[in-house]
K.L.:
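Here it is: the structure, laid out below.
Here the structure is a predicted model, which means the values were calculated and not measured. A, B, ... follow the sequence lines: proteins, then strands. Residue 1 opens every chain.
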Number of protein chains: 2
Amino acid sequence: MNTQSEPPTTAHTTIPGCCAPVFDVGLTDGEAAQLAEKLSLLAHPIRLRLLAILARNGGHVCVCDLEAALPVKQPTVSHHLRLLRDGGLIEGERRGQWIYYAVRREELAAVQAALAQFFARI
Amino acid sequence: MNTQSEPPTTAHTTIPGCCAPVFDVGLTDGEAAQLAEKLSLLAHPIRLRLLAILARNGGHVCVCDLEAALPVKQPTVSHHLRLLRDGGLIEGERRGQWIYYAVRREELAAVQAALAQFFARI
DNA sequence: TCAATATATTGACAATCTTCGATATATCGC
DNA sequence: GCGATATATCGAAGATTGTCAATATATTGA
């Protein structure tokens with residue numbers, strides 16, 4: 001907080017000598033938290049690659065395939081799959097011994113839309 | 001890896017009894033890492049709000065204003081500003097006692113483009 | 001039922017991230 | 001130079017995340 005003279009160039013509309021910013025904040029606390037959560041889910045190379053693989057081969061990829069395609073061990077693949085599933089971005093269906101995962105297009109589109117809105121608003 | 005019979009429905013083109021997936025991986029290791037890094041930078045509510053504020057009031061917001069607008073202390077604001085600056089998304093200019101930050105539009109656009117490409121390719 | 005296989009979960013550990021008090025540095029007005 | 005203010009950096013503490021070995025659970029085929 002500046003308590004001296006007015007800063008040289010500023011958007012402030014202040015009581016002289018006090019920094020009381022009245023600018024457009026643009027994003028509420030809650031909106032920022034929600035978007036950050038969605039972004040956090042995407043912000044990992046393994047999860048991005050899982051999504052990419054599943055998006056292109058949805059419903060036909062079992063965990064063993066994913067494990068074979070990625071540089072991490074099976075429990076780690078399961079861990080990331082669970083995060084994506086808990087986040088609503090993918091779903092799994094057991095077919096016999098295997099569980100086949102696929103992306104949930106609507107949810108992915110929702111994330112994309114939220115991001116687009118953010119970039120549109122800034 | 002399944003070493004039994006063929007999974008019921010699959011994109012595999014396998015040696016029977018062995019899981020040798022030949023599906024489109026869609027995203028290289030490096031691409032995923034790069035995108036994840038960009039997303040990690042965005043994936044924090046304070047940083048999203050910093051970007052939003054700066055985007056709408058660029059060049060006219062000093063750190064004291066940001067501190068006043070956000071629920072964290074000054075060293076924390078400085079910390080996130082540094083991450084954003086190191087990531088190329090914002091830049092700061094000292095004017096007298098104050099340092100005014102603004103978003104770097106080209107870099108923001110690049111992130112947006114990388115994201116768009118990701119969503120387009122999956 | 002049993003052995004084999006696929007996937008999930010648990011628990012531990014390391015690494016990274018977040019926050020903030022304390023302090024350093026820079027700038028201003030006097 | 002000095003006191004006041006703005007911002008950055010340091011260092012510590014706690015929280016979160018990522019990874020994996022070990023183990024549990026579920027399914028299959030025999």
Side-chain angles (χ1 to χ4, degrees), chain A residues 1-10 12 14 17-19 21 32-33 36-37 39-50 61-68 70-87 90-101, chain B residues 1-10 12 14 17-19 21 32-33 36-37 39-50 61-68 70-87 90-101:
Chain A
M1 293 286 243
N2 83 70
T3 52
Q4 293 194 156
S5 59
E6 202 77 23
T9 309
T10 171
H12 301 174
T14 57
C18 175
C19 161
E37 198 172 3
L39 286 167
S40 296
L41 193 51
L42 293 184
H44 191 284
I46 295 295
R47 291 197 290 275
L48 287 176
R49 295 175 76 184
L50 283 171
V61 188
C62 61
V63 179
C64 64
D65 291 336
L66 296 169
E67 185 188 348
L70 296 169
V72 287
K73 301 291 183 184
Q74 179 266 323
T76 304
V77 173
S78 261
H79 170 66
H80 290 295
L81 286 173
R82 176 196 245 279
L83 292 181
L84 290 172
R85 179 151 42 88
D86 288 353
I90 65 174
E91 59 194 351
E93 183 201 357
R94 179 180 282 275
R95 290 207 289 277
Q97 205 167 174
W98 297 274
I99 297 175
Y100 290 85
Y101 281 93
Chain B
M1 293 289 240
N2 84 68
T3 53
Q4 293 194 154
S5 59
E6 200 78 24
T9 308
T10 173
H12 299 174
T14 58
C18 174
C19 159
E37 198 172 5
L39 286 169
S40 296
L41 194 50
L42 293 185
H44 190 286
I46 295 295
R47 290 196 291 274
L48 287 176
R49 295 174 76 185
L50 282 171
V61 188
C62 62
V63 179
C64 63
D65 292 336
L66 297 169
E67 185 188 348
L70 296 169
V72 287
K73 302 290 185 185
Q74 179 267 322
T76 305
V77 173
S78 260
H79 170 67
H80 290 295
L81 286 173
R82 178 196 243 279
L83 292 181
L84 289 172
R85 179 150 41 88
D86 288 353
I90 65 175
E91 58 193 353
E93 183 201 356
R94 178 180 283 274
R95 291 208 287 278
Q97 206 166 172
W98 296 275
I99 298 175
Y100 291 85
Y101 280 93

K.L.:
In whole Å, what is the span from the CG atom of B/Leu41 to the C1' atom of C/dT16?
P.N.:
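In whole Å, C/dT16 C1' and B/Leu41 CG are 15 Å from each other.
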K.L.:
Nearest whole angstrom, please: distance from the P of C/dT18 to the CG of B/Leu70.
P.N.:
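Answer to the nearest Å: 15 Å.
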K.L.:
If you measure from CD1 on A/Ile46 to CG on A/Leu83, what distance do you get to the nearest 0.5 Å?
P.N.:
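Reported value, rounded in 0.5 Å steps: 12.0 Å.
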K.L.:
From CD of B/Gln97 over to C1' of C/dT27, roughly how many Å is that when rounded to an integer?
P.N.:
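Nearest whole value for this atom pair: 6 Å.
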K.L.:
Drop me the distance from A/Arg49's CZ to A/His44's NE2, to the nearest 0.5 angstrom.
P.N.:
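Reported to 0.5 Å precision, the distance equals 11.0 Å.
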K.L.:
Any donor-acceptor pair under 3.5 Å linking the side chain of B/Arg47 with the backbone of B/Leu41?
P.N.:
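Yes: the side chain of B/Arg47 pairs with the backbone of B/Leu41.
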K.L.:
Using the side chain to side chain donor-acceptor pair (under 3.5 Å) criterion, which residues pair with A/Glu93? Sequence neighbours excluded.
P.N.:
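Checked A/Glu93 against side chain to side chain donor-acceptor pair (under 3.5 Å); matches are A/Arg95.
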K.L.:
Find the distance B/Asp65:CG to D/dT5:C1' and express it as a whole number of Å.
P.N.:
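Between C1' of D/dT5 and CG of B/Asp65: 14 Å.
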K.L.:
State which residues pass side chain to side chain donor-acceptor pair (under 3.5 Å) with B/Arg94; sequence neighbours excluded, sorted by chain then number.
P.N.:
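With neighbours one apart ignored, the set is empty.
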K.L.:
Does the protein touch nucleotides 8-22 of chain D at the base, only the backbone, or not at all? Give it as B, S and - per nucleotide, heavy atoms under 4.0 Å.
P.N.:
BB--------SBBBB
K.L.:
Check the distance between C/dT7's P and A/Trp98's CH2 and give it to me in whole angstrom.
P.N.:
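From A/Trp98 CH2 to C/dT7 P: 8 Å.
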K.L.:
With rounding to the nearest 0.5 angstrom, report the CG to CG distance, B/Leu42 to A/Leu42.
P.N.:
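These two atoms lie 10.5 Å from each other.
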